[in-house]
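Please read the structure below before turning to the comments.
Numbering starts at 1 and runs along the sequence shown. Computed from a prediction, not measured in an experiment: that's the story for all the values here.
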Amino acid sequence: MLLDPAYSQTYVEDCEVCCNPIEIQVAFEEGELTSFEARELGQ
């Protein structure tokens, strides 16, 4: 998965293994990843 370090973001992406949706939340400060969370949304 590619992340853009220019800003924090929340988005939904399908799992590459099981194809179920996953909510991804990432936060960056000064170009460095400070937080990453992945949460299964279920079907």
Return a table of donor-acceptor pairs under 3.5 angstrom between the side chains of residues 9-17 and protein atoms on other chains or two or more places apart.
unit_1: Q9; atom_1: NE2; unit_2: D4; atom_2: O; d: 3.4

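- The backbone N or O of A27 lies less than 3.5 Å from a partner atom in the side chain of T34, making a donor-acceptor pair.
- For S8 against F28, the heavy-atom pair with the smallest separation is OG-N, 3.3 Å.
- Here the CG atom belonging to L3 is positioned 7.0 Å from the CG atom belonging to L33, to the nearest 0.5 angstrom.
- The two residues P5 and G31 make their nearest non-hydrogen contact at CB-O, 3.9 Å.
- Atoms CD and CD, on Q25 and E23 in that order, are 5.0 Å from each other to the nearest 0.5 Å.
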